[in-house]
Amino acid sequence: MVDIIHYLILSGVLFAISIAGIILNRKNVLIILMSIELMLLAVNLNFIIFSHFLNDLSGQIFVFFILTVAAAESAIGLAIIIILYRNHGTINVEKLSGLKG
Amino acid sequence: MNFELIIFYFYALVATLSALAVILVKNPVHSALNLILCFFSVAAIWILLEAEFLGLVLILVYVGAVMVLFLFVLMMLNLNIKELKEGFVQHLPLAILSAGIMLVQTILLFFNIKIKTMPEISSNITNSKQLGTLLYSEYLLQFEIAGVILLVAIIAAIGLTIRKKPKENKYQNPAEQVKSHKKDRLKIVKMKTEDYDG
């Protein structure tokens with residue numbers, strides 16, 4: 001039996017790594033998208049930990065829906081990246097200033 | 001040290017190292033492959049937490065579909081790796097600072113968590129059966145909404161990436177071909193036969 005704190009620290013570490021990834025790879029949209037996937041994974045891990053230790057299956061149902069939405073999100077995100085590359089020839093975030101934001 | 005703890009530490013170490021590799025390696029293809037390894041080890045940890053169904057779904061859906069999609073896109077685009085890694089060292093202190101503060105805060109919070117660990121109810125019902133029962137009874141509406149979300153995602157992805165052919169191209173319209181009917185094309189003209197005197 002592994003104590004709950006071990007699992008929680010693992011999910012915290014994964015979340016912190018993905019935040020560092022978003023800041024480090026500011027130019028590459030694809031790595032930012034991967035970092036977001038990693039972040040969702042850490043959150044899902046948290047849901048499953050508490051679902052296991054509280055003996056409540058609702059947490060796992062929630063993870064199921066998060067996985068669905070994350071899959072949809074990454075599919076649309078990748079489609080957007082493809083049309084960005086087709087129109088601009090690059091996926092460098094700093095050069096994508098068409099909206100003057 | 002019991003066996004479960006050793007397994008947990010092994011997978012946690014692999015997950016952490018591969019997550020670090022995802023954000024640190026130069027080549028985006030390598031970071032996608034490292035992300036696959038990370039998903040695998042986290043799926044193992046989910047199975048260790050008795051969420052077998054979700055662990056397998058993570059491997060099937062994420063490794064089998066989403067990451068393959070990522071790899072497709074990565075290999076289709078002709079990326080300039082050097083240009084995309086610029087400013088890496090410049091942002092490093094900020095990244096370490098913010099991630100470190102975040103980590104310390106979360107861990108402080110986690111150490112103060114006091115939950116009553118519920119006694120495990122030993123039952124013969126498998127995890128997937130329990131989840132399925134819950135999903136098709138209590139969460140039926142949400143389940144159907146999830147299906148609609150996936151449909152919207154399919155339509156959006158196709159609609160965004162579809163490339164319309166220019167008007168002047170000469171190509172067949174399959175719908176018109178299928179709809180065409182004999183009476184639109186063929187005109188039967190009745191005529192009186194002429195008398196023929198030999």
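Below, chain A is the first sequence line, B the second, and so on; all start at residue 1. Everything quoted here is computed from the prediction, not taken from an experiment.
- To the nearest 0.5 Å, atoms CE (B:M67) and CE (A:M34) are separated by 5.5 Å.
- Looking at A:S51, neither its backbone nor its side chain comes within 4.5 Å of chain B, counting heavy atoms on both sides.
- Looking only at heavy-atom pairs under 4.5 Å with chain B, the residue among A:L10, A:L24, A:I49 that has the most is A:L24.
- Heavy atoms of B:L24 lying under 4.5 Å from chain A belong exclusively to its side chain.
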Return all side-chain donor-acceptor pairs below 3.5 angstrom for residues 66-84 of chain A, not counting sequence neighbours, or 'none' if the list is empty.
from: A:T68; atom 1: OG1; to: A:F64; atom 2: O; distance (Å): 2.9
from: A:S74; atom 1: OG; to: A:A70; atom 2: O; distance (Å): 3.3
from: A:S74; atom 1: OG; to: A:A71; atom 2: O; distance (Å): 3.1

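- The candidate with the highest count of non-hydrogen atom pairs below 4.5 Å against chain B, out of A:I4, A:T90, A:I5, A:V29, is A:I5.
- Top candidate by heavy-atom pairs under 4.5 Å with chain B, chosen from A:L38, A:I22, A:I23, is A:I23.
- At a 4.5 Å heavy-atom cutoff, the contact between A:I19 and chain B is made by side-chain atoms alone.
- Heavy atoms closer than 4.5 Å to chain A are found in both the backbone and the side chain of B:F110.
- Both the backbone and the side chain of A:I17 come within contact range of chain B, judged by heavy atoms closer than 4.5 Å.
- For a heavy-atom cut-off of 4.5 Å, chain A lies close to B:A15, B:T16, B:A19, B:L20, B:V22 in residues 15-22 of chain B.
- Here ring-ring contact (aromatic ring centres under 6.0 Å, His included) pairs that include residues 19-68 of chain B, with residues two or more places apart or in two chains, are B:F39-B:Y62.
- When side chains are defined from C-beta on, B:F111 counts as touching A:I9, because their heavy atoms get closer than 4.5 Å.
- The contact between B:I113 and chain A is made entirely by side chain atoms (from C-beta outward), counting heavy-atom distances below 4.5 Å.
- The main-chain N or O of B:H91 is never found under 3.5 Å from a side-chain atom of A:R26 such that the two would form a donor-acceptor pair.
- No more than 12 heavy-atom neighbours from other residues, nucleotides or ligands sit within 6.0 angstrom of CD on B:Q172.
- Put simply, the side chain of B:R163 reaches to within 4.5 Å of the side chain of A:R86, judged on heavy atoms.
- A continuous path of ILVMFWY side-chain contacts below 4.5 Å connects B:F8 to B:F3, so both sit in one hydrophobic cluster.
- Looking at B:L49, both its backbone and its side chain come within 4.5 Å of chain A, counting heavy atoms on both sides.
- Among the candidates B:L54, B:V42, B:V73, the residue making the largest number of heavy-atom pairs closer than 4.5 Å to chain A is B:L54.
- If you take OG on B:S128 and CD on A:Q60, they are separated by 10.0 Å, rounding to the nearest 0.5 Å.
- Chain B forms the most heavy-atom pairs under 4.5 Å with one residue out of A:L41, A:N44, A:V63, and that residue is A:L41.
- Neither the backbone nor the side chain of A:D56 comes within contact range of chain B; no heavy atom of the residue lies under 4.5 Å from a heavy atom of that chain.
- For A:Y85, the OH atom is densely surrounded, since the number of other residues' heavy atoms within 6.0 Å is greater than 12.
- A:A20 and B:A95 get closest at one heavy-atom pair: O-CB, 3.9 Å.
- Aromatic ring centres of A:F65 and B:F143 lie farther apart than the 6.0 Å criterion allows.
- In the displayed structure, B:I162 atom CD1 is contacted under 6.0 Å by at most 12 heavy atoms of other residues, nucleotides or ligands.
- No other option in B:T106, B:V66, B:I101, B:I96 has as many heavy-atom pairs under 4.5 Å with chain A as B:V66.
- Contacts between A:L14 and chain B at a heavy-atom distance below 4.5 Å involve the side chain alone, from C-beta outward.
- Follow the hydrophobic side-chain contacts under 4.5 Å out from B:L97 and you never reach B:L103; the two are in separate clusters.
- There is no contact between B:A65 and chain A, counting heavy-atom distances below 4.5 Å.
- Transitive grouping of hydrophobic side chains (ILVMFWY, heavy atoms separated by less than 4.5 Å) keeps B:F72 and A:L33 in distinct clusters.
- Between B:E138 and A:I61 the shortest side-chain heavy-atom distance does not fall below 4.5 Å.
- Both B:L35 and B:I59 sit in one connected hydrophobic cluster of ILVMFWY residues. Membership requires side-chain heavy atoms under 4.5 Å apart, directly or through other members.
- Ranked by heavy-atom pairs under 4.5 Å with chain B, the first of A:V13, A:I91, A:L45, A:V93 is A:L45.
- Under the 4.5 Å side-chain contact rule for hydrophobic residues, B:L37 and B:V29 share a cluster.
- At a 4.5 Å heavy-atom cutoff, the contact between B:L77 and chain A is made by backbone and side-chain atoms alike.
- Residue with the most contacts toward chain A among B:V61, B:I154, B:N127: B:N127 (heavy-atom pairs, distance under 4.5 Å).
- Contact annotation for A:Y7: both backbone and side-chain heavy atoms come within less than 4.5 Å of a heavy atom of chain B.
- In terms of the side chain to side chain donor-acceptor pair (under 3.5 Å) criterion, residue partners of A:N25 (sequence neighbours excluded) are, by chain and number, B:K85.
- Heavy-atom distances place the side chain of A:I31, and not its backbone, under 4.5 Å from chain B.
- For the set B:L94, B:L134, B:I149, B:L109, the count of heavy-atom pairs under 4.5 angstrom toward chain A peaks at B:L134.
- Both the backbone and the side chain of B:Q142 come within less than 4.5 Å of a heavy atom of chain A.
- Across all their heavy atoms, B:I23 and A:G21 have their closest contact at CG2-CA, 3.3 Å.
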